[in-house]
Amino acid sequence: MFSSHDGLCTIGELAEHLGVSVKTVRFYSDRGLLPEASRSTGGHRRYGPDAVERLGMIRSLRGLDLSVPEVRRILDEQDGREGDGAGGALEDAVAGRLRVLGSELAALRWREAALRLVQECPPAERPDRLRLVGAVAAPPSTASLARFWRAWLPLRMPARSVTAFLEAAVPPPPDDPRPAQVLAFARLHAFVTRPCGDGVGAGSCQPRAHGVAGARASAVLYAGLAEAYDLAGAELRRGAEPSTGEALDGFVDAYASTYGARDTLGFRHVLAGRLAGDPRIDRYWELTAEVISAPGCPPEPTPGSAHDWLLAALAAQVEVVAGRGGGRRGPVGEAPVSVAPA
């Protein structure tokens with residue numbers, strides 16, 4: 001290749017050796033990625049033997065779809081002009097590209113499932129399906145679901161408590177969704193973006209108990225409920241019927257401790273009645289279970305289904321006690337109202 005007396009080659013020879021165009025070599029040279037060794041008396045570019053390996057490296061990096069600035073940083077580090085030459089620039093660039101590709105692949109998988117959803121439904125249903133899935137980005141965002149729940153939470157509730165609640169209440173979109181999951185998520189998005197109170201509750205986005213407990217007391221309540229829901233979720237997974245036990249005790253204690261009441265039979269009786277009359281959003285939790293559950297498996301427990309299990313257990317206990325003549329209502333003060341997403 002380097003047949004000249006000085007061991008250098010022309011731009012054409014370099015391009016031919018690596019199977020690229022002269023224009024490509026010139027592009028990298030003009031941007032400082034491929035330094036010239038010298039110029040001929042006629043002003044033509046000349047390259048040294050190291051240009052072959054360097055151009056090969058540039059092609060490999062560009063083949064990974066790394067940008068020209070990223071390639072420059074990697075080569076500069078390799079040359080010892082930046083960093084310690086340990087390969088940090090390459091590692092960062094590859095990690096960044098993998099993140100981008102992951103998002104792109106998630107979007108493609110979501111679009112594929114959405115297209116199959118439209119393709120497989122009866123023609124008469126396609127306009128509604130298109131409207132639903134068309135309102136959701138690909139990959140989908142959970143921002144609308146988070147906004148919905150923030151409207152239910154007490155004002156000035158500690159940020160850590162809000163984050164913990166949202167992690168439990170907002171279902172992450174599946175990485176490789178089935179058409180049914182795409183439909184469920186799209187319906188979930190439509191549900192939370194309706195005017196507040198439309199079929200959700202008594203015309204108010206926030207549960208009534210937000211006016212009873214302060215922000216910090218509500219944070220305590222939500223933390224206690226989260227623990228009770230986890231315990232109830234384990235019972236649901238093993239198919240247990242609603243019953244008394246640690247989960248129900250924790251559920252009641254969350255309310256009692258928040259409102260300064262004692263856990264008595266009278267308190268449980270009033271609590272059961274108040275919770276039963278609370279606004280409900282069962283549809284949200286039904287759709288959430290569809291989004292997060294594996295195909296062919298029982299529905300995954302949600303805070304909503306755990307709340308229903310605990311409420312059923314509480315109601316059954318109160319009914320049994322009342323039937324035995326032990327349902328005397330003691331003075332429990334102002335009985336709490338549920339802030340749980342029933």
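Reckoned from all heavy atoms, side chains included, excluding hydrogens, waters and symmetry mates. On a predicted model such as this, the values are computed, not experimentally measured, just so you know.
Cluster membership for Phe185 and Leu108, using ILVMFWY side-chain heavy atoms within less than 4.5 angstrom, is not shared. Leu34 is connected to Leu64 through a chain of hydrophobic side-chain contacts under 4.5 Å among Ile, Leu, Val, Met, Phe, Trp and Tyr, so both are in one cluster. In terms of hydrophobic clustering, with Ile, Leu, Val, Met, Phe, Trp and Tyr side chains grouped at heavy-atom distances under 4.5 Å, Leu231 and Leu271 are assigned to different clusters.
Within a 6.0 Å radius of CD in Glu120, more than 12 heavy atoms belonging to other residues, nucleotides or ligands are found. Heavy atoms of other residues, nucleotides or ligands lying less than 6.0 angstrom from CD of Glu104 number more than 12. Heavy-atom contacts from other residues, nucleotides or ligands closer than 6.0 Å to CD of Glu286 number more than 12. The environment of CZ in Arg160 is sparse: at most 12 heavy-atom neighbours from other residues, nucleotides or ligands sit within 6.0 Å. More than 12 heavy atoms of other residues, nucleotides or ligands shown are found within 6.0 angstrom of CD on Glu300.
Just one of Arg45, Arg26, Arg46 meets the salt bridge (charged side-chain N to carboxylate O under 4.0 Å, His left out) condition when paired with Glu36; it is Arg45.
You'll find the side chain of Ile281 reaches within 4.5 Å of the side chain of Phe148, heavy atoms only. Using a 4.5 Å heavy-atom cutoff, the side chains of Leu166 and Thr142 are not in contact. Taking the side chain as every heavy atom from C-beta outward, Phe165 and Pro303 never approach each other to under 4.5 Å. Proximity of Leu275 to Leu310: side-chain heavy atoms (C-beta onward) are nowhere separated by under 4.5 Å. Residues Arg54 and Asp79 meet the side-chain proximity criterion, which asks for heavy atoms closer than 4.5 Å. Between Pro301 and Arg237, the closest side-chain pair of non-hydrogen atoms falls below 4.5 Å. With a 4.5 Å cut-off on side-chain heavy atoms, Tyr284 and Leu145 count as touching. The closest side-chain heavy-atom distance from Arg187 to Glu290 is not below 4.5 Å.
With respect to the salt-bridge test (charged N to carboxylate O, under 4.0 angstrom), the residues Asp263 and Arg268 qualify. Under the 4.0 Å criterion applied to side-chain N and carboxylate O atoms, Asp30 and Lys23 are not assigned as salt-bridge partners. A salt bridge is absent between Glu70 and Arg97; no separation between the charged side-chain nitrogens and carboxylate oxygens falls under 4.0 Å. Asp253 has no carboxylate O lying under 4.0 Å from a charged side-chain N of Arg262, or vice versa, which leaves the two without a salt bridge.
Within the model, atoms CG of Asp65 and CG of Leu101 stand 7.5 Å from one another, a figure rounded to the nearest 0.5 Å. Distance check: Arg283 CZ to Leu188 CG gives 9.0 Å after rounding to the nearest 0.5 Å. Going from atom OH of Tyr47 over to atom OG of Ser38 covers 10.5 Å, rounded to the nearest 0.5 Å. Summarising the geometry, atom CD1 belonging to Ile58 is positioned 5.0 Å from atom CG belonging to Leu33; distances are rounded to the nearest 0.5 Å. Interatomic distance, Ser293 OG to Arg178 CZ, rounded to the nearest 0.5 Å: 8.0 Å. To the nearest 0.5 angstrom, Ser243 atom OG is 6.0 Å from Glu235 atom CD.
Listed for the Glu77 side chain is a donor-acceptor partner under 3.5 Å among the backbone atoms of Ala89. The main-chain N or O of Ala240 is found under 3.5 Å from a side-chain atom of Trp309 such that the two form a donor-acceptor pair. With hydrogens and angles disregarded, a donor-acceptor distance shorter than 3.5 Å links the side chain of Ser29 to the backbone of Val25. A donor-acceptor pair under 3.5 Å is formed between the side chain of Ser305 and the backbone N or O of Thr302. Remark: side-chain polar atoms of Glu13 are paired, donor with acceptor, to backbone N or O of Thr10 under 3.5 angstrom. Checking side-chain atoms of Arg109 against main-chain N and O of Asp175 turns up a donor-acceptor pair under 3.5 Å.
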Checklist line | Trace of the side-chain contact (heavy atoms from CB on, under 4.5 Å) decision for Val192 with Arg147 | finding: CA-CA 8 Å; Val192 301; Arg147 283 194 300 269; over 6 Å; no

Item checked: Worked check of side-chain contact (heavy atoms from CB on, under 4.5 Å) between Gln78 and Leu75 -> CA-CA 5 Å; Gln78 189 180 63; Leu75 293 175; 3.8 Å; yes

Checklist line | Intermediate values then yes/no, side-chain contact (heavy atoms from CB on, under 4.5 Å), Phe27 and Val68 | finding: CA-CA 11 Å; Phe27 174 85; Val68 169; 4.1 Å; yes

Notebook entry, point to check: Do Leu90 and Val94 pass the side-chain contact (heavy atoms from CB on, under 4.5 Å) test, and can you show the C-alpha distance, the side-chain angles, and the key distance before you say yes or no?
Noted result: CA-CA 6 Å; Leu90 176 59; Val94 170; 3.9 Å; yes

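Screening residues 126-138 for side-chain hydrogen bond (donor to acceptor under 3.5 Å, both in side chains) gives Glu125-Arg129 as the qualifying pairs, with residues at least two apart or on separate chains.
Leu8 and Ala37 make their closest contact through CD2-CB, 3.9 Å (heavy atoms, listed as atom of the first residue, atom of the second, distance). Residues Leu132 and Ala190 share a closest heavy-atom pair of CD2-CB, 3.9 Å. Considering all non-hydrogen atoms of both residues, Val162 and Met157 come closest at CG2-O, 3.8 Å. The shortest non-hydrogen separation linking Leu14 to Cys9 is CB-SG, 3.9 Å. Ile74 and Ala93 make their closest contact through CD1-CB, 4.1 Å (heavy atoms, listed as atom of the first residue, atom of the second, distance). Of all heavy-atom pairs between Pro174 and Trp110, the closest is CD-CZ3, 4.1 Å.
Qualifying side chain to side chain contact (heavy atoms under 4.5 Å, CB included) partners for Ala226, counting only residues two or more places apart in sequence or in other chains: none. Considering only residues two or more places apart in sequence or on other chains, Glu112 meets the side chain to side chain donor-acceptor pair (under 3.5 Å) condition with Arg116.
Classified by interplanar angle (parallel below 30°, tilted 30° to 60°, perpendicular above 60°), the ring pair Tyr229/Phe251 is tilted.
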